[in-house]
Amino acid sequence: MKTRTRIKTGTEITARTTASVIVAGAREGLLAGCRKARILLLAGLLCCVGTASLRAQCPAENKAFLSGEHVMYDLYFNWKFIWKKVGLASLTTNTTTYHQQPAYRFNLLSVSSKKVDFFFKMRDTLTCYVSDHLEPMYFRKAAEEGKRYTVDEAWFSYKDGVSFVKQRRTWRDGRVQEMEYNDSRCIFDMLSILAQARSYDPADYKVGEKIHFPMATGRRVEEQTLIYRGRENIEANNDTTYRCLVFSFVEYDEKGKESEVITFFISDDDNHLPIRLDMYLNFGSAKAFLKSVRGNRYPLTSAIVDK
């Protein structure tokens, strides 16, 4: 497997892909915390349960969601023992067509609150298209973070059991970076992984089991690792407690030492909705809570009702 990267200044580089994790570089103070919390929120929402069953072939059956599903989250940041609400995220699902083929379209919008805008403005829109068999087709992320604006895109194709992805990053000033990658496994983006993962059955998971998969970010392909931790009851921001499956999103240093990046809690029912995410930052910590959901395919039987 090789990755080809091209920055349109006449320079071309070819190198083997190295494993990495989606974590923003540390920045000082609240600005760093907000930006990293946003990135970890996306990782937690999108690296959902079930990827132990990933196969070389991408097609899968949708067993978890319907067109019209809409989920809202509240995001909080902890700075020197003070918890502040810093933004909202919404995830919507709809049926559509892509290049005249039946498809699902997912949109994830992240918006910082007006108070946080004073320190760090965030307006991120992620869109992806998957086939009606949940194969990744196209991914786009438009991100306005402070004074920085970038557009990341990924186009997916398949031939002889191999997955191919072409990626491009475009900066506000017109610079463009492109790369290509292929893998015998299915390559996912931040949203298509959620679409497939929600349909898998976690009943056979063992505590401590590690789950690996490749993810295209629009700029590179990165190896991701999740670990199943067990079950726990978690209260959301809708005054409801849910029975949840617990997973850890981890990273490794040069010596192979493991560190926790996110702990996230997934509803233990057929919807497999993220209920809460705990994110560990260099300058504090952050949490995302389920605020509301409508259009879910199944009843939320993981909700615990007081008797």
Side-chain angles (χ1 to χ4, degrees), residues 21-24 33 36-54 64-65 69 71-78 83 86-91 106 108 110 126 188-202 205-213 215 222-238 240-252 258-281 284-293 296 300 302-304:
V21 181
I22 304 174
V23 179
K36 194 169 183 182
R38 189 271 307 167
I39 292 172
L40 296 183
L41 170 66
L42 297 181
L45 289 177
L46 307 175
C47 300
C48 196
V49 52
T51 50
S53 302
L54 293 182
F65 58 83
E69 183 183 76
V71 191
M72 292 290 298
Y73 293 89
D74 288 327
L75 179 62
Y76 295 84
F77 178 67
N78 178 263
W83 284 97
V86 296
L88 297 171
S90 66
L91 178 65
F106 300 92
L108 177 63
S110 299
L126 282 74
F188 295 93
D189 58 70
M190 294 181 180
L191 291 181
S192 62
I193 183 61
L194 175 62
Q196 281 223 14
R198 288 178 61 186
S199 290
Y200 295 138
D201 184 0
Y205 284 168
K206 298 179 180 179
V207 175
E209 182 172 353
K210 292 186 178 181
I211 303 159
H212 305 280
F213 58 96
M215 179 184 292
E222 301 176 337
E223 290 292 326
Q224 306 295 352
T225 301
L226 305 176
I227 302 176
Y228 176 56
R229 301 297 192 188
R231 287 177 167 83
E232 189 174 337
N233 295 339
I234 295 297
E235 185 175 356
N237 262 24
N238 58 357
T240 303
T241 298
Y242 296 90
R243 183 179 64 257
C244 292
L245 305 164
V246 185
F247 286 79
S248 294
F249 185 72
V250 300
E251 64 177 347
Y252 297 91
E258 181 182 288
S259 61
E260 189 106 354
V261 181
I262 317 171
T263 302
F264 55 100
F265 307 85
I266 308 301
S267 66
D268 188 12
D269 54 38
D270 290 336
N271 297 286
H272 292 156
L273 284 172
I275 300 297
R276 193 185 91 191
L277 298 92
D278 295 352
M279 296 161 275
Y280 307 100
L281 315 174
S285 58
K287 293 181 185 289
F289 292 87
L290 175 71
K291 181 179 181 180
S292 65
V293 56
N296 42 298
L300 285 161
S302 58
I304 298 173

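Note: hydrogens, waters and symmetry copies are ignored here, and every other heavy atom, side chains too, is used. It should be emphasised that the depicted structure is a prediction, and the values quoted were computed from it without experimental measurement.
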What do you reckon, are the aromatic ring centroids of F247 and Y205 less than 6.0 Å apart?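 So the answer is yes for these two rings.
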
pair [X]-[Y]: side-chain heavy atoms closer than 4.5 Å:
| X | Y | value |
| --- | --- | --- |
| L245 | R231 | yes |
| I227 | R229 | yes |
| N78 | M279 | no |
| F77 | K287 | no |
| I262 | D278 | no |

Donor on one side chain, acceptor on other, [X] and [Y], under 3.5 Å:
| X | Y | answer |
| --- | --- | --- |
| Y228 | E209 | no |
| Y242 | N238 | yes |
| E260 | S248 | yes |

Problem - Option from I275, T241, V246 for which side chain to side chain contact (heavy atoms under 4.5 Å, CB included) with I234 holds - result: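 Answer after filtering I275, T241, V246: I275.
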
Do you know the tightest heavy-atom contact between [X] and [Y]?
| X | Y | result |
| --- | --- | --- |
| H212 | T225 | ND1-OG1, 3.2 Å |
| D189 | M215 | C-CG, 4.0 Å |
| E258 | V250 | CG-CB, 3.9 Å |
| I266 | P274 | CD1-CA, 3.7 Å |
| F106 | A195 | CZ-CB, 3.6 Å |
| A236 | L290 | CB-O, 3.6 Å |

**Q.** Donor-acceptor contact below 3.5 Å, side chain R243 vs main chain D268
**A.**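 Side chain of R243 to backbone of D268: a pair is present.
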
Between N271 and L273, is there a donor-acceptor pair closer than 3.5 Å when you use the side chain of the first and the backbone of the second?
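Pair absent, no side-chain N/O of N271 close to backbone of L273.
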
- prompt: When rounded to the nearest 0.5 angstrom, what is the spacing between OH in Y73 and OG in S292?
  reply: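 If we round to the nearest 0.5 Å, Y73:OH and S292:OG are 9.5 Å apart.
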
To the nearest 0.5 Å, tell me how far T240 OG1 sits from I304 CD1.
->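 Those atoms lie 10.0 Å apart.
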
Exercise for the section: Output, in order, the C-alpha distance, side-chain angles, deciding distance and verdict of side-chain contact (heavy atoms from CB on, under 4.5 Å) for L277 and T263. Expected result: CA-CA 6 Å; L277 298 92; T263 302; over 6 Å; no

Exercise for review: Applying side-chain contact (heavy atoms from CB on, under 4.5 Å), run through F264 and R276 and close with a yes or a no.
Suggested key: CA-CA 6 Å; F264 55 100; R276 193 185 91 191; over 6 Å; no

| said: The test is side-chain contact (heavy atoms from CB on, under 4.5 Å); show your working for I193 and F213 and say whether it passes. | reply: CA-CA 9 Å; I193 183 61; F213 58 96; 3.9 Å; yes

query = Is E69 salt-bridged to R198, cutoff N-O under 4.0 Å?
reply =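 Between R198 and E69 there is a salt bridge, with a charged N closer than 4.0 Å to a carboxylate O.
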
* Step by step, work out the side-chain contact (heavy atoms from CB on, under 4.5 Å) result for Y76 and N237. => CA-CA 11 Å; Y76 295 84; N237 262 24; 3.2 Å; yes

